[in-house]
Structure formats: C-alpha cells, structure tokens
Amino acid sequence: MPLVSMRQLLDEAAAGGYGVGAFNVNNMEQIQAVFEAAQETRSPVIVQASRGARSYTNDRFLIHLMTAAVELYPDVPVSLHQDHGNSPETCLSAIDQGFTSVMMEGSLMDDGKTPSDFEYNVAVTREVVEKAHAKGVTVEGELGTLGGIEDGVGSGEVHLTDPDQAVEFVERTGIDALAVAIGTSHGAYKFTKPPDGEVLAMHLIQQIHERLPDTHLVMHGSSSVPQDLVEKINRFGGKIAPTWGVPVEEIQLGIRHGVRKINVDTDARLAMTSAIREVFVEHPEEFDPRSYLKPAREAMKAVYKQRMEQFGQAGHAGDYEPLTLEQMRERYAAVAA
Ligand code: G3H
Ligand code: 13P
Ligand code: ZN
C-alpha cells in the first residue's frame with residue numbers, strides 16, 4: 001500500500017475511538033522495528049522524521065527505506081510525517097520528498113527556539129495548509145510551547161495551550177490536527193517525580209476537545225520513560241538521572257478526549273541504548289554490529305508493540321481502504337468551495 005494521508009488515519013482513529021502512535025525514526029533498524037510491530041499487531045501507524053532525522057539520513061536514504069518498508073509490509077497503513085517543521089520551506093521540501101503529512105510549528109520562530117506571536121503562527125500555518133492541502137497532504141499545527149530543549153530544538157519555556165485561542169487558531173488556519181501544550185516536554189527528563197494534575201494539565205485536553213470536537217489533538221513529549229529501561233541502561237554503565245515520563249493511563253485518558261496522534265521517540269531511544277549497552281558489557285568480545293543492532297531492533301519493536309496495544313490502534317490496519325492523495329486533494333477542495 002502506498003504512503004497514506006495522516007488525515008485519513010486520524011479520521012478513522014476518531015471514528016474507532018483510538019489513538020495512533022507517531023514514532024520518530026532515524027535509521028533502518030527503527031523503521032524495521034516500527035513496521036514489524038505494526039504488522040504483528042495489525043496497526044495503522046505514523047512514522048515521523050524530525051529536521052535532524054532528515055539531515056542525518058540526507059532525506060534520500062529515509063525515503064528509500066520507507067519505500068522499501070511500504071513494499072515489504074503492504075498491509076500496514078502508514079503516513080510519513082515531518083515532525084517539528086520550523087518553516088513553510090521545511091514543510092514544502094518534505095512534501096516534495098513524498099511526505100504525506102507535515103507539522104508547521106509556528107508557535108516558535110524559524111530558529112526553532114524563540115516563541116512567536118499568535119499572528120505569526122496563524123500566517124505561516126495558514127500558508128502551509130493552503131499549499132499542503134492543494135496536494136492532499138495533512139497539516140498539524142501547534143499552539144502553546146512544550147518545556148525542555150532537545151538537540152537545540154524547543155524554547156525551554158512552557159506556554160500551555162489556551163482553549164479559546166485554540167478555536168480561533170483552528171478556524172483561521174484550517175489545520176487537520178492540533179498539537180497542544182499541556183505540560184509535557186521532549187526527551188527523558190520530563191518530571192522529577194511521577195506527574196500529578198498540577199504538572200500535567202489533562203483538563204485542558206478535555207476543554208479543547210469540547211470546543212473543537214472535530215479537530216484531532218496531538219500529544220508531543222509522550223514517552224513514558226519506562227523505569228526498567230532507565231535501570232537497565234544504568235546497570236550497564238549508563239548515567240541517566242532519576243526521571244519520570246508521561247504515564248500511559250494519562251495518554252489513554254487523553255485518547256478518550258480527542259487525542260489521536262501520540263508522539264513517542266525517547267522510549268525507543270532508551271530501548272535501543274539499553275540493549276546495545278547490555279551486549280557491550282556482557283559480550284565485550286563482540287564487534288559485529290549485528291550482534292548489538294539485532295537486540296536493539298527487538299527491544300524497540302517490543303516498545304512499539306506495547307504502545308500500539310495501549311493506544312488502541314492494534315487490530316485496525318484492515319478497517320479501511322486508503323484514499324490516494326489525489327482523492328484527499330479533491331476532498332479538501334470540495335470543503336473549501
Ligand atoms: O521532537 C523531538 C523528537 O524527539 C526528535 O528529536 O530533533 O533529536 O531528532 P531530534
Ligand atoms: P518524547 O521525547 O517524549 O519521545 O517525545 C517525542 C516527540 O514529541 C516528537 O515530536
Ligand atoms: Zn515533539
């Protein structure tokens with residue numbers, strides 16, 4: 001099956017009352033692990049690439065790896081999504097490469113750091129929506145900013161999403177999906193203790209969903225930072241300070257209130273690192289990369305499978321016939337007319 005529109009994946013998820021994991025990839029093993037997990041659990045899935053991932057793979061490796069995966073796993077409906085597009089140019093270049101969905105992160109300026117103002121966010125997001133929808137491609141916008149800075153991306157400041165402003169933002173931009181800031185952050189260091197309602201503003205999701213029942217909500221920074229993986233990394237010589245992620249039950253609460261796309265990167269990074277560290281420590285004589293990359297791939301696959309079950313996407317791969325981007329383009333044009 002060709003790459004499909006993220007809008008269709010999320011519309012189907014809304015109709016079925018489940019969420020879809022959006023997993024960041026940078027290399028072949030991650031892509032293989034996502035597709036193996038999706039095939040075994042019969043899940044639709046979103047594969048996403050950050051700007052860093054696109055530069056690491058030089059785009060062409062990424063696109064060809066995805067093309068191979070789509071060919072080898074024809075029963076898995078999958079969208080390829082630009083994660084954290086910092087400018088219309090980044091989003092448009094992703095579309096040119098064959099991405100079927102893009103995020104325009106207009107809540108930050110194009111340096112990916114400085115918080116922008118509302119009018120800037122509306123203007124750049126609207127521009128991307130017009131150009132992307134003309135090609136049947138999905139657009140995710142963002143209102144509010146997450147905490148934390150990963151690889152120089154992010155403002156480090158938390159600005160929670162204002163539900164009333166969210167309504168105006170969606171109306172003026174025409175986005176398909178809205179990333180909300182509810183107190184999560186990227187990376188492994190989200191919370192210094194298990195988060196409660198004070199730090200994780202799940203009530204905002206409920207309020208935004210009540211006002212925007214037809215807009216798909218996106219949770220960034222949704223890794224759960226499994227304690228067993230942190231412990232394993234440290235047991236095999238790593239140095240991860242005590243830290244907590246987003247409990248899966250909170251994500252499931254979000255899914256009951258309109259969260260359809262759940263972004264997970266860190267959990268797979270932890271799984272991969274823990275498996276590689278184990279081989280290095282237990283088998284110091286090994287130097288064939290396959291001896292550690294195979295267990296790394298298996299460890300990531302286990303995380304992906306678990307999340308697919310927990311988010312509810314498992315079992316839904318065969319529910320629908322994917323629309324082509326041309327059919328999506330016609331749908332957008334008909335709504336605009
Ligand atoms: O949004 C952040 C993702 O975890 C991607 O991170 O920019 O290091 O690839 P990255
Ligand atoms: P984590 O760092 O929690 O995995 O979040 C990933 C993310 O939001 C990618 O956009
Ligand atoms: Zn993110």
Side-chain angles (χ1 to χ4, degrees), residues 6 19-27 30-31 33-34 45-59 61-62 79-87 90-91 94 99 101-108 110-113 140-159 161 177-191 195 199-200 217-227 229-230 240 243-248 250-251 254 259-273 300 303-304 306-307 310-311:
M6 188 172 86
V20 183
F23 303 110
N24 288 75
V25 300
N26 290 277
N27 61 25
Q30 283 180 307
I31 293 175
V34 171
V45 71
I46 299 162
V47 170
Q48 57 187 8
S50 65
R51 274 192 298 146
R54 286 183 59 194
S55 115
Y56 181 75
T57 58
N58 190 20
D59 272 345
F61 278 109
L62 176 71
S79 301
L80 178 59
H81 174 78
Q82 164 77 61
D83 192 24
H84 294 280
N86 64 318
S87 65
T90 298
C91 295
F99 284 57
S101 178
V102 293
M103 174 187 189
M104 179 60 238
E105 190 177 28
S107 54
L108 299 176
D110 63 6
D111 63 4
K113 291 186 176 72
E140 171 186 335
E142 179 177 78
L143 192 61
T145 56
L146 274 70
I149 303 177
E150 273 287 281
D151 283 0
V153 177
S155 68
E157 292 172 33
V158 182
H159 296 280
T161 307
L178 175 69
V180 291
I182 54 156
T184 65
S185 55
H186 291 117
Y189 299 104
K190 300 186 195 303
F191 308 113
V199 284
L200 204 53
L217 303 183
V218 181
M219 264 177 81
H220 281 250
S222 297
S223 277
S224 300
V225 189
Q227 295 297 303
L229 293 180
V230 172
I240 309 257
T243 178
W244 276 267
V246 182
V248 169
E250 298 294 340
I251 297 172
V259 170
R260 299 292 158 231
K261 174 173 180 274
I262 304 111
N263 286 16
V264 172
D265 185 357
T266 296
D267 284 352
R269 293 180 179 195
L270 293 171
M272 181 175 212
T273 300
M300 289 189 288
V303 168
Y304 296 138
Q306 193 183 30
R307 295 292 174 269
Q310 290 164 331
F311 299 161

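For ligands, and for the atoms within them, numbers begin at 1 and follow the listed sequence.
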Which one holds for S222 and ligand 2: side chain close, backbone close, both close, or neither close, with close meaning a heavy atom under 4.0 Å?
-> backbone

Kindly confirm or rule out an N or O of D265 lying under 3.5 angstrom from an N or O of ligand 2.
-> yes

Give a yes/no on ligand 1: does S50 have at least one heavy atom closer than 4.0 angstrom to it?
-> yes

Could you name all protein N, O or S atoms found under 2.8 Å from the Zn ion (ligand 3)?
-> H84 NE2, H186 NE2, H220 ND1

With no hydrogens and no angle check, is any side-chain donor or acceptor of S101 less than 3.5 Å from a backbone partner on H81?
-> no

Atom indices of ligand 2 within 4.0 angstrom of H220 heavy atoms, with elements | 8 (O), 10 (O)

If you compare G221, S223, S224 by their heavy atoms, the one closest to atom 8 (O) of ligand 2 turns out to be G221

Kindly compute the distance separating CG (L108) from NE2 (H159), expressed to the nearest 0.5 Å.
-> 9.0 Å

For ligand 1, the portion of T266 having any non-hydrogen atom under 4.0 Å away = neither

Backbone or side-chain N or O of N24 under 3.5 Å from ligand 1 N or O = no

Taking the side chain as every heavy atom from C-beta outward, state whether D267 and Y304 have any atom pair closer than 4.5 Å.
-> no

Which of the numbered atoms in ligand 2 are below 4.0 angstrom from a heavy atom of N263?
-> 5 (O), 6 (C), 7 (C), 8 (O), 9 (C), 10 (O)

Which part of D83 is near ligand 2, with near meaning a heavy atom under 4.0 Å away: side chain, backbone, both or neither?
-> side chain

Can you list the ligand 2 atoms lying under 4.0 Å from a non-hydrogen atom of V264?
-> 4 (O)

Can you find a heavy atom in the side chain of Q82 that is under 4.5 Å from one in the side chain of R51?
-> yes

Are any of the N or O atoms of N24 closer than 3.5 Å to those of ligand 2?
-> no

Please tell me if the side chains of I240 and L270 come closer than 4.5 Å, counting only heavy atoms from C-beta onward.
-> yes

Quick one: OG on S222 to NE2 on H186, what's the gap to the nearest 0.5 Å?
-> 8.5 Å

Should one rank K190, H186, R269 by closest heavy-atom distance to atom 3 (O) of ligand 2, which comes out on top?
-> K190

Kindly indicate whether the side chain of L62, heavy atoms from C-beta on, has any atom under 4.5 Å from the side chain of I31.
-> yes

With side chains defined as the heavy atoms from C-beta onward, is the minimum distance between K261 and V20 less than 4.5 Å?
-> no

Taking the side chain as every heavy atom from C-beta outward, state whether L229 and V303 have any atom pair closer than 4.5 Å.
-> yes

Non-neighbouring partners of Q310 that pass side chain to side chain contact (heavy atoms under 4.5 Å, CB included), sequence neighbours left out = V248, Q252, Q306, R307

Short N or O distance, H84 and ligand 2, threshold 3.5 Å exclusive = yes

Can you tell if the side chain of V264 reaches within under 4.5 Å of the side chain of F311, non-hydrogen atoms only?
-> yes

Using a 4.5 Å cut-off on heavy atoms from C-beta on, say whether the side chain of L200 contacts that of T184.
-> yes

Looking at ligand 1, does any of its N/O atoms fall within less than 3.5 Å of an N/O of D265?
-> yes

Nearest candidate to atom 6 (O) of ligand 1, where distance is taken over non-hydrogen atoms, out of R54, R269, H84, R51 = R269

